[in-house]
Participant: 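Quick one: this structure, given as structure tokens, is what I'll be asking you about.
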2 protein chains.
Amino acid sequence: MTTARSDTIAAQISRTLANRIIAGEIEAGAKLRQDHIAEEFGASHVPVREAFRRLESQGLVVSEPRRGVRVAGFSLDEVREVAEMRAALEALALRHAAPHLTRAILDQAEEANRTGDRAGDVQAWEEANRTFHRIILTPCGMPRLLKAIDDLHTASARFLFSGWRTEWETPTDRDHRAILDALRAGQAETAASVLARHVQTIGQKSPQ
Amino acid sequence: MTTARSDTIAAQISRTLANRIIAGEIEAGAKLRQDHIAEEFGASHVPVREAFRRLESQGLVVSEPRRGVRVAGFSLDEVREVAEMRAALEALALRHAAPHLTRAILDQAEEANRTGDRAGDVQAWEEANRTFHRIILTPCGMPRLLKAIDDLHTASARFLFSGWRTEWETPTDRDHRAILDALRAGQAETAASVLARHVQTIGQKSPQ
DNA sequence: TAGCGCAGAATTATAGATAATTTCGTTATT
DNA sequence: AATAACGAAATTATCTATAATTCTGCGCTA
């Protein structure tokens, strides 16, 4: 949403396209033509190509040399894969973050959780959910890990917005509270396994 | 090594630079100037910029808007981070690969292990080691996970070639055999935890 | 002497033009 | 009627040129 105007054009295009793909405005498998996109953004195709590379590294598009890029598909298998990766990596991050979590941070997380619970639409809920996870994981101080988790989150969001999953609020809220309780009690290992199980539930609902 | 001539120039440049960074020919923190590199490769700077993006997604360089790219540093912390991520993700991959592992695949892996044991230099050893891991993990059939592991492997190789670690063969060989034994016995969970521990040892030796 | 600011140089980012490759529709052949 | 081959149109990849930004060294001031 907040497309910082100071960034490079390539970064702006990348963000805009990412949002569209996540929101489902561009369907999976659709070809992205650099000239058309360049024209739409009033830019040349060079920054568009750079934007494509960024999207590729996030796993939102796939690129074949000389044959263009297309929006990455997401079968149920791929959704499960992302969920499993998230579970493994977020658990790892939480184990390392736990020693650095202060009372204030946990309160922040609880606030984010409440915000999510009050959210009216999926976008707002997803925003709050991501904030919650970020707050409790960032203190691990492992930038590469956090970047990887963030990209996986994005992929998950795509799945969420696709409407495959309608009932999200309740179990999430309960899991989040359980995680916070365990962390407050100093039981990092418990918190990590609840988190892992929690994340995996995303991949367990089939499209209906 | 095998720079396929049919690929795009950007891909070739990316591969060559990646090899140099891994081999330590370009030191951490060094600035990469697009014009200079373009001149060296007899190309314009456009494909060079694309190559930079690929390297960035592999974590080999870091890029700041309008300030160029520089070779990613690797402190001991970063090495540990990569090792922990590898441990988590390779264990996950192995759990999913285990049901699909055949006798033939395990024999292949054992052969790769023997090759590594006979290797004279670090490059050959690393090559065999990567092959071993790839053979037992690929059957998991999770492309995104495998790509992530591969990039982490590359980062590890960089550490290895930097000479921080001189004594690598013996414990690796033993661990690899233990993993194969567990897999042959159908004990996937045991194999996964040995693998996780094995990978983490990479980050445990300090620079001397 | 230390710090500030201002050219000039170097470098990154984008635009516009060109070459190379793929895609797709049409025609010819069996 | 189905298929193979050809050619035009579309598209990707690259090059050259230009604009915008950052870096650097030097002189000036306090």
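In what follows, every chain begins at residue 1, and chains take the letters A, B, ... in the order their sequences are listed. Please read these numbers as outputs of a predicted model, since none were measured by experiment. Every heavy atom of this structure was used, including side-chain atoms; hydrogens, water molecules and symmetry mates were not.
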Participant: Is the shortest distance from a Lys or Arg side-chain nitrogen in B:Arg184 or B:Glu110 to a carboxylate oxygen in the other one below 4.0 Å?
Facilitator: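 Salt bridge: yes.
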Participant: Between B:Lys31 and A:Val69, who's closer to the 5' end of DNA chain D by nearest nucleotide?
Facilitator: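 The 5'-side residue here is A:Val69.
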Participant: I'd like to know if B:Glu81 pairs up with B:Arg86 as an ion pair, taking the criterion as any Lys NZ or Arg NE/NH1/NH2 lying under 4.0 Å from an Asp or Glu carboxylate oxygen.
Facilitator: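 So B:Glu81 does not pair with B:Arg86 through a salt bridge.
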Participant: Nearest-nucleotide wise, let me know which of A:Val46 and B:Gln34 is further upstream toward the 5' end of DNA chain C.
Facilitator: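 The residue whose closest nucleotide sits nearer the 5' end is B:Gln34.
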Participant: When the aromatic ring centroids of A:His36 and A:His45 are compared, is their separation below 6.0 Å?
Facilitator: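 No, they do not, as the ring centres are separated by 6.0 Å or more.
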Participant: Starting from P on C:dA15, measure out to CZ on B:Arg49 and report it in whole angstrom.
Facilitator: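 Distance, rounded to whole Å: 12 Å.
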Participant: Any salt bridge linking B:Arg49 with A:Glu50? Criterion: basic side-chain nitrogen under 4.0 Å from a carboxylate oxygen.
Facilitator: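 A salt bridge links B:Arg49 with A:Glu50.
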Participant: Just to confirm, is there a sub-4.0 Å distance from OP1 or OP2 of C:dT11 to any side-chain nitrogen or oxygen of B:His36?
Facilitator: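 Yes, such a contact exists.
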Participant: Would you classify B:Leu32 as touching base, sugar-phosphate or nothing, given that sugar-phosphate means primed atoms plus P, OP1 and OP2, and contacts are heavy atoms under 4.0 Å?
Facilitator: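 Sugar-phosphate: the residue B:Leu32, judged by heavy atoms under 4.0 Å, touches backbone atoms but no base.
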Participant: If you measure from the Lys or Arg side-chain nitrogens to the Asp or Glu carboxylate oxygens, is any gap between A:Arg80 and A:Asp77 under 4.0 Å?
Facilitator: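 Counted as a salt bridge, because a side-chain N and a carboxylate O are separated by less than 4.0 Å.
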Participant: The side chain of A:Ser44 is closest to which nucleotide in this list: D:dC15, C:dT22, C:dG16?
Facilitator: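 Nucleotide nearest to A:Ser44's side chain: C:dG16.
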Participant: Return no unless some side-chain N or O of A:His45 is found under 4.0 Å from OP1 or OP2 of C:dT14.
Facilitator: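 Answer is no, no contact under 4.0 Å.
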Participant: Given atom CZ of B:Arg70 and atom C1' of C:dT12, what is their separation to the nearest angstrom?
Facilitator: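 Going from CZ in B:Arg70 over to C1' in C:dT12 covers 14 Å.
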Participant: Report the distance from atom CD1 of A:Ile9 to atom C1' of D:dT21, rounded to the nearest whole Å.
Facilitator: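 Distance, rounded to whole Å: 13 Å.
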Participant: Which whole-number value in Å describes the distance from A:Glu64 CD to D:dT12 C1'?
Facilitator: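 These atoms are roughly 13 Å apart.
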Participant: Using atom CD1 of B:Ile37 as one end and atom C1' of C:dT11 as the other, report the distance to the nearest whole Å.
Facilitator: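 B:Ile37 atom CD1 is separated from C:dT11 atom C1' by 12 Å.
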Participant: Take the protein atom CZ of B:Phe52 and the nucleotide atom P of C:dT11, then report the distance between them rounded to whole Å.
Facilitator: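 Roughly 12 Å, once rounded to whole Å.
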Participant: Tell me: CD of B:Glu50 to C1' of D:dC15, nearest whole Å?
Facilitator: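 Value for this atom pair: 13 Å.
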Participant: Would you mind reading off the distance between A:Asp35 atom CG and C:dA19 atom P, rounded to a whole angstrom?
Facilitator: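 My rounded result for the distance is 17 Å.
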Participant: State which of D:dA13, C:dT12, D:dC15 makes the closest approach to the side chain of A:Arg66.
Facilitator: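 Given the options D:dA13, C:dT12, D:dC15, the side chain of A:Arg66 is closest to D:dA13.
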